[in-house]
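A, B, ... follow the sequence lines: proteins, then strands. Residue 1 opens every chain. The figures that follow rest on heavy atoms only: side chains count, while hydrogens, waters and symmetry mates do not.
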Amino acid sequence: MSTTVNVAASTDIDFKLGLYRSQVALRQFEKRAYDLFLENLVKGTSHLSLGQEAIASGFAAAMRPTDWTFATYRGHAHTLARGVPMTPVLAELLGRTNGLMAGKGGSMHLTSVEHGVMGSYAIIGAHLPIACGAAWSAQYRGTDQVAVCFFGDGSTNIGAFHEALNFAAVWKLPVVFVCENNLWMEYTRTTEVTAVANPAADRASAYGLESIIVDGNDADAVYEVALAAITKAREGGGPSMIEAKTYRHGGHSRADPGKYRPDDEVAEWLAKDPIPRYHTRLLELGVPETKLVEIEKAVADEVELATEEAKAGAIPGEDLLMKDVWADGGSAWRN
Amino acid sequence: MSTTVNVAASTDIDFKLGLYRSQVALRQFEKRAYDLFLENLVKGTSHLSLGQEAIASGFAAAMRPTDWTFATYRGHAHTLARGVPMTPVLAELLGRTNGLMAGKGGSMHLTSVEHGVMGSYAIIGAHLPIACGAAWSAQYRGTDQVAVCFFGDGSTNIGAFHEALNFAAVWKLPVVFVCENNLWMEYTRTTEVTAVANPAADRASAYGLESIIVDGNDADAVYEVALAAITKAREGGGPSMIEAKTYRHGGHSRADPGKYRPDDEVAEWLAKDPIPRYHTRLLELGVPETKLVEIEKAVADEVELATEEAKAGAIPGEDLLMKDVWADGGSAWRN
Amino acid sequence: MAQLTFREAIARGIAQEMRLDESVVMIGEDIGAAGGVFKGTVGLLEEFGPRRVRDTPISEQAILGAAMGAAMTGLRPVAEIMFADFFAVCWDIVVNEIAKSRYMTNGQMTFPLVIRSGNGGGLRFGAQHSQSVENWAMMIPGLKVVVPSNARDVIGLMAASIRDNDPVIFLEEKALYSSKMDVPEGDIVDTLGTAKVLRQGTDATLVALGNMVPRALQAAEELAEMGIDCTVVDVRSLVPLDTKTILRETSATGRLFTVEENPRLCGWGGELASIVSEEAFYDLDGPIVRITTPHIPLPAADALEDMAIPSIERIVTTVSKSMNS
Amino acid sequence: MAQLTFREAIARGIAQEMRLDESVVMIGEDIGAAGGVFKGTVGLLEEFGPRRVRDTPISEQAILGAAMGAAMTGLRPVAEIMFADFFAVCWDIVVNEIAKSRYMTNGQMTFPLVIRSGNGGGLRFGAQHSQSVENWAMMIPGLKVVVPSNARDVIGLMAASIRDNDPVIFLEEKALYSSKMDVPEGDIVDTLGTAKVLRQGTDATLVALGNMVPRALQAAEELAEMGIDCTVVDVRSLVPLDTKTILRETSATGRLFTVEENPRLCGWGGELASIVSEEAFYDLDGPIVRITTPHIPLPAADALEDMAIPSIERIVTTVSKSMNS
Ligand SMILES: Cc1ncc(C[n+]2csc(CCOP(=O)(O)OP(=O)(O)O)c2C)c(N)n1
Ligand SMILES: Cc1ncc(C[n+]2csc(CCOP(=O)(O)OP(=O)(O)O)c2C)c(N)n1
Ligand SMILES: [Mg+2]
Ligand SMILES: [Mg+2]
C-alpha cells in the first residue's frame with residue numbers, strides 16, 4: 001500500500017462515497033447507542049461524537065490498516081471508523097460477552113488491536129505519551145507505522161499533553177496528535193480556562209511544530225491535512241499536531257442535554273453539521289440522491305442488525321471476571 | 001515599603017554594594033558547604049548554585065519581605081538571599097537541632113516561613129503549581145504579595161510546568177516564574193531533550209505570556225527584569241516568566257566534578273562569573289577596592305562563625321523524630 | 001428533620017462551613033455553574049460567588065498545588081478531584097508535597113485543606129473511574145482519610161474535615177450519592193477518628209467502610225436470622241483510626257471480619273488484621289477474615305461489577321461459613 | 001565467581017537479557033553516557049548503543065507512557081524512574097494505564113515491561129527521595145513487584161522480570177547499591193514469586209524484604225545468642241507472593257514478625273498478617289508483630305533517619321521482648 005493511492009483516491013467519487021458512508025455509520029450508530037442508553041441498556045456512561053464524525057472518518061481514510069489509533073472515552077467514532085464492526089462495539093456498551101472486550105472495558109475503553117485501535121483512554125491526557133511509545137516502537141523496529149492520537153480541547157491543559165508533545169518532537173516520532181476542539185470541556189467552555197485562543201495550535205511552536213488548524217466539520221479538509229501529517233510522520237519527518245474545529249451536538253455524556261451552551265451557538269454549529277454538508281457536496285459533484293439514500297439505508301440495516309446481535313449477547317460470568325489480569329490468562333497473585 | 005524605593009535604589013551605590021555582598025555571601029557560604037560535604041559533615045546530598053548567584057540576589061533585591069520565594073533542591077542561594085541567617089542553613093545541612101528545620105528537611109528542603117521562603121522542593125516541577133496557590137491566596141485576600149518561583153531549564157519539560165503556567169495565566173495570578181537556564185540537567189544537556197532552544201522563553205507564548213530572556217550572570221540586569229515582573233504582578237497584571245541564562249560552576253550535586261561538560265564551555269562561563277564581573281563594575285563606578293575587600297572579609301567572618309555555630313549544634317533525638325506530622329504537633333494516627 | 005440525599009449533604013456541609021469562615025474556598029473542575037459532575041456542589045456558586053467557588057482547567061496538579069499554596073498562606077481550600085482515580089495524575093502533590101511539608105519544615109507550615117473526590121465502584125464506569133483509593137491515602141504519613149457512609153455523617157465529617165488543620169482526603173462513595181436519610185436541621189459537626197458501632201452483637205464483629213457499611217448492616221440482619229449475632233462497626237475515618245473501638249468490639253465477640261470494597265492487597269483490612277492479631281491476639285476465637293473485591297481491576301459490565309464488589313450475599317455466606325467451620 | 005556490587009549486578013542483569021533479545025530496550029533520565037545517577041546502567045550505552053539505551057527529558061509520564069506504548073506493540077522496555085518517590089508524578093500511567101489495560105481489553109494487549117527505580121531510605125536524602133513504595137505498587141491489581149536484597153538475586157530476578165510478560169515494578173534498594181557479594185559467572189535466571197528461607201530456626205519467623213533482609217539476618221544471629229532461634233525469610237517478590245513458604249515457615253515456628261522499611265499503615269506486613277491470621281490462625285502461638293518505620297515521613301538528618309528505619313537493635317529488642325512476654 002502506498003500513499004499515492006490515497007492521494008489519488010481523494011479526488012475520486014468512490015472514495016468520497018466511502019467517507020460519506022463512514023460518517024453516516026458513526027452518526028446512526030451513536031444515535032442508536034443513545035436510544036439504548038435511554039432504555040437503560042447501556043449502563044454506566046457513554047460519550048457521543050455526534051457532530052464530530054468528519055474527524056474520525058477523515059483520519060481513518062488517511063490511515064493504513066497497520067497504523068494505530070489512540071482515542072479517548074469519546075471513542076466510539078474512532079473505533080468504528082477504523083473498520084471495527086458495529087456488533088462488538090454495541091455489545092460492549094451493553095456489557096455482553098460478544099462485546100469487543102467481553103464487557104470488561106465498557107464504552108470508555110474500546111480497543112481492537114486487530115484493527116489498530118490501540119485503546120480508548122478515560123484519564124485525560126494519558127494516551128498522548130502512550131501513543132509516543134507505539135511510535136517509538138515503529139521507529140525502533142523500522143516499520144513505517146504511524147500512531148494517530150485524538151484528544152479534546154480541554155485536554156491540552158494537562159501535564160501529560162506537554163510531556164508527550166516535547167518527547168515526540170525531540171525523538172522525531174511518527175505520531176500525529178489531533179485535537180478535536182469542540183469548544184467545551186464537560187460543562188465549562190475551554191477558552192475560559194485556557195490561556196490561548198486555540199488550545200492546541202497556539203502551543204505547537206512550544207514544541208517546534210507548525211501550527212495547523214482545520215475545519216473539523218469538513219471530511220475532505222480533514223482527510224487532506226491528515227494525509228499530509230501521516231505521510232510526513234511515515235517518512236521520518238516527525239510528529240505533527242492538528243487542531244480540528246468542531247462541535248458536539250449533544251451533551252458531554254450520558255443523558256446530559258448540554259443546556260449550559262447558548263442556543264445560538266448550538267444553532268450555528270448544527271448548521272455546520274458535517275453530514276448534510278457532505279451530502280450537499282456529493283450532490284453538487286453529481287452523485288444521484290438515490291445513491292446516498294441507498295448508503296443511508298444500508299447503514300440503517302447494519303445498525304439494526306448490530307442492535308439485535310448485541311442484545312442477544314450473553315451476560316458475562318465469573319470465568320471472565322477472573323481472567324486476563326496477567327499474560328498467563330489468570331489473576332493469581334499468590335501460590 | 002513601595003516599589004519606587006527600590007527603583008531609585010537600583011541606581012544607588014549602596015544598593016549595588018548590597019547586591020555585591022549578597023552574591024559574595026552566597027558564594028562563600030556554598031564553598032564552605034562544599035568543603036563540609038567533602039569532610040562528610042554534610043550527609044545525603046547538596047546542590048550548589050556556584051556561578052548562579054546573580055539570579056537569587058537580583059530577585060531577592062526586587063522582592064519585599066512579605067513576598068514569597070519557592071525554590072528547588074538547589075535552594076541554598078535563594079534561601080540565604082532572602083535574609084535567612086547562615087547558621088541555621090548550615091546547621092540544617094549538618095542535620096543539627098539548630099538547623100532551619102532541626103534537621104528534618106535537609107539541604108533540599110530549606111524553608112523559612114518567617115522570611116517568606118516558602119519551601120524548597122525536590123520533585124521537579126511540583127512547586128510551580130504550589131506557588132500559584134500562594135499567589136491565589138494573595139489575590140483572594142487582597143494583599144499585594146507576589147510569589148516568585150525558581151526552577152531549572154530541565155524542569156520545563158515536566159507536566160506540572162505546563163499546568164502551572166496555564167493556570168497562572170488564566171487566573172491572572174501574581175506569580176513570577178524564573179527559569180534558571182544553566183544549560184544542563186543532571187548529566188544531560190537540556191537542548192538534547194527539549195524541542196526548543198530557549199526552554200522557557202520559547203514557550204511563554206503558549207500561555208499568552210511575553211518571552212523574556214535576561215543575562216542571569218548580571219545582577220543588575222536580573223534586578224531590573226525582576227522588579228518589572230514583580231511590580232506587574234503586584235499591580236494585578238498577572239504572571240510573567242523569565243528565562244535567566246547562567247551556568248553552574250561545579251557539578252550537579254554532591255561531589256560530581258561535572259566532567260561531562262566540554263572544557264571550553266566551562267571556561268567560557270567561568271569567564272562570565274557574575275561576581276568578578278560585578279566587582280569590576282563596582283570599581284568602574286568608583287567604589288574603592290578596599291570597600292569590596294571589606295565586604296568579602298565580613299562575609300568570610302560570617303561564614304566562619306556560622307560554621308562554628310552549626311558544628312556546635314546538637315544531634316536531634318527521638319522527640320523531634322515523632323514531632324509535627326500533624327498540626328497538633330504530634331504524629332498519632334490512632335487512639 | 002429533612003430527607004436529604006448524600007449528594008445534597010456534601011453541599012450542605014460545605015456551605016455550613018463557608019458561612020462561618022471566609023477563608024474557606026472551593027476549587028475544582030465544573031464545580032461552579034455546573035454544580036459538580038455528581039451534583040455535590042449545587043447551589044454553592046450561587047450562594048458564595050465565583051470568588052469563592054472557582055472552576056479550573058483540567059489540570060489536577062494545578063488544582064492541588066493551588067490548594068496547597070493557598071493553605072500554607074492562610075486559606076482553607078476545599079479542592080475537588082472529580083473521580084478518585086484521577087488522584088493518580090496529581091499524586092505527587094498529595095503525597096510528596098502536601099503530606100510531607102509540615103514534617104519536613106519542622107512544623108513551620110500547616111495545611112488546613114480538604115480534597116474531596118468521588119470514590120469507588122458500583123456505577124459501571126469501568127476500571128479507570130471506579131477505584132477505591134482510601135488505602136492509597138491511608139498508606140501515606142501526613143494525610144487524614146475520611147469516608148462517610150451516610151448523609152448525616154457527610155455533613156458532620158465534612159465540617160470536621162474543613163475545621164481540621166491537617167490535610168484531609170475526603171472520599172465520597174459514588175454508589176451512595178443518591179442514598180437518602182432524615183437529617184436534623186442546623187449545624188452538624190462531628191469528630192474525626194471516631195468509629196461508630198451501628199449494631200451490637202455477640203458472635204462476630206463486622207468492620208466496614210463507606211459503601212460497604214449498609215451492606216454489612218443488611219448482612220448482619222440476615223445473619224441474625226441464621227442465628228449469628230454480629231456487631232457492625234462503621235470505621236468512618238481511616239486516619240485517625242479509632243483502634244480503641246475496633247479492638248474493644250473485636251475482643252468482645254472474639255471474631256473479626258472486615259468488609260472492604262478495595263481490591264485485596266494492602267487494604268485497610270489488612271492493617272486492622274495486623275493490629276488486632278498483635279494487640280487482641282488472646283481475645284480471638286478464630287481466624288480473621290477479610291471480605292474484599294478480588295485483586296483485579298474493576299470490570300465495566302454490570303453483571304461483572306456486581307460479582308466483583310462484596311455483596312450482601314457474599315458477606316452472609318463468608319461469615320456464616322467461617323463461623324460454622 | 002566474582003565480587004560484584006549490587007549496582008553492578010543491575011547492569012549485568014540487564015545486559016544479559018539485552019544480548020539475548022533485540023526487543024529489550026532501555027529508557028530513562030541520564031541512563032546513557034552518565035550510566036545512571038546510581039551507576040546502575042554503566043557500560044550499557046557503550047555495549048548496546050544509543051538506539052537501545054535512550055536518555056529522555058525530565059518527563060516521567062512520557063517515559064512510562066512510551067514504555068507502555070512500546071510494550072503493547074512488541075518491545076520489552078526497561079524504563080527507569082530515577083527515585084521511587086517520582087512514581088508519584090507518573091502514577092496514572094502505572095496504575096490506571098499499564099496495570100489495567102490488559103484486563104480492560106480482555107487480554108488483547110500484553111505489557112512485557114520493567115520499571116526499575118531506586119527505592120527506600122538510608123542515604124539521608126530526606127522525605128522526597130527516600131520513600132519505600134513497594135506497597136504503593138503491591139496495592140494495584142495488574143502489577144508485579146520485585147525487591148531483591150542482594151547482588152545475585154538482582155541478576156536473576158532482573159532476568160526473570162524482563163522475561164516476564166507482565167509489567168514488573170523492580171525496586172532497587174538504594175541503601176544496598178554498594179553492597180557486595182560473590183556472584184557466579186554466566187547467565188542467571190531466577191523465578192518470580194519464590195521467597196527464600198535464609199535461616200532456619202524453631203522459635204519465630206522473621207519475614208523481611210529488600211534492605212531489611214540483611215538486618216533481619218544479623219538480628220537473628222544476635223537473637224540466637226540470646227537463645228531465640230529464628231527463621232528468616234526473604235520475600236523477594238510481593239506480587240506474585242510466595243504465601244506457601246511464608247505460611248509454612250510461620251506455622252513451623254508459631255510466631256510471625258515482619259520487618260518492613262515502609263511507614264506502618266497498609267504495609268505488606270499487614271497483608272501478611274491478614275493472610276496468616278486467616279489461614280494459619282490455629283498454628284499461631286502468639287501475637288503477630290510488625291517492625292516498621294513509624295508512620296511518619298522520613299527525616300533527612302542521619303541521626304533521625306537511623307532512628308526511624310528498623311535497625312538490627314530494634315529488631316532484636318522487639319522480637320526478644322515479644323517472645324519473652
Ligand atoms: C485527569 C482527568 N481529569 C478529569 C477528567 C474528567 N473529564 C472527562 S472528560 C472531561 C472534559 C474533557 O474535555 P475535552 O478534552 O475538551 O474533550 P471532549 O470531552 O470535549 O471531547 C473531563 C474534565 C478525566 N477523565 N481525567
Ligand atoms: C520528577 C523528578 N524527576 C527527576 C528528578 C531528578 N532530578 C533532580 S535535579 C534534575 C535535573 C534538573 O535540571 P534543571 O531543571 O535544569 O535544574 P538544575 O539542576 O540545573 O538547577 C533531575 C533530573 C527529580 N528530582 N524529580
Ligand atoms: Mg472538548
Ligand atoms: Mg539546569
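Using a 3.5 Å distance cut-off with no hydrogens or angles, the side chains of Thr111(A) and Thr105(D) do not pair a donor with an acceptor.
Here Thr73(D) is the residue among Asp92(D), Thr56(D), Thr73(D) with the most heavy-atom pairs under 4.5 Å with chain A. Comparing Ile98(D), Val25(D), Thr243(D) by heavy-atom pairs within less than 4.5 Å of chain A, the highest count is held by Thr243(D). Contacts with chain A were tallied for Lys144(D), Arg54(D), Arg51(D), Met104(D); Arg54(D) has the most, counting heavy-atom pairs under 4.5 Å. The most heavy-atom pairs under 4.5 Å with chain D, out of Tyr121(A), Phe70(A), Trp333(A), Trp171(A), come from Trp171(A). Note on Val239(D), Thr245(D), Leu75(D): by heavy-atom pairs under 4.5 Å with chain A, the leading option is Leu75(D).
With a threshold of 4.5 angstrom between heavy atoms, Thr110(D) approaches chain A through side-chain atoms but not through N, CA, C or O. Using a 4.5 Å cut-off between heavy atoms, Leu143(D) touches chain A through its backbone atoms (N, CA, C, O) alone. Heavy-atom distances place both the backbone and the side chain of Asp242(D) under 4.5 Å from chain A. Contact of Ile275(D) with chain A is made through the side chain alone, with heavy-atom distances under 4.5 Å. Proximity to chain D (any heavy atom under 4.5 Å) is restricted, for Trp68(A), to the side chain, taken from C-beta onward. Neither the backbone nor the side chain of Leu110(A) comes within contact range of chain D; no heavy atoms are under 4.5 Å apart. Proximity to chain A is limited to the side chain of Leu247(D), based on heavy atoms less than 4.5 angstrom apart. Of the atoms belonging to Glu97(D), it is side-chain heavy atoms, and not backbone ones, that fall under 4.5 Å from chain A. Residue Lys100(D): no heavy atom, backbone or side chain, is found under 4.5 Å from chain A. Within the 4.5 angstrom heavy-atom criterion, no atom of Gln145(A) approaches chain D. When heavy atoms are compared at a cutoff of 4.5 Å, Glu60(D) approaches chain A solely by way of its backbone atoms N, CA, C and O.
Arg141(A) places no side-chain N or O within donor-acceptor distance of the main-chain N or O of Gly74(D), the cut-off being under 3.5 Å.
The pair Arg334(A)-Glu271(D) does not count as a salt bridge, with every side-chain nitrogen at least 4.0 angstrom from each carboxylate oxygen.
Looking at every heavy atom in both residues, Ile93(D) comes nearest to Ala126(A) through CD1-O, 3.9 Å. Annotation for Phe167(A) and Ile27(D): closest pair CZ-CD1, 3.9 Å, computed over non-hydrogen atoms.
Checking each of Glu114(A), Met101(A), Met118(A) against Gln108(D) for a side chain to side chain contact (heavy atoms under 4.5 Å, CB included) leaves exactly one that passes, namely Met101(A).
To the nearest 0.5 Å, atoms CH2 (Trp326(A)) and CG (Asp164(D)) are separated by 8.5 Å. The structure places NE2 of His127(A) at 12.0 Å from OG of Ser101(D), a figure rounded to the nearest 0.5 Å.
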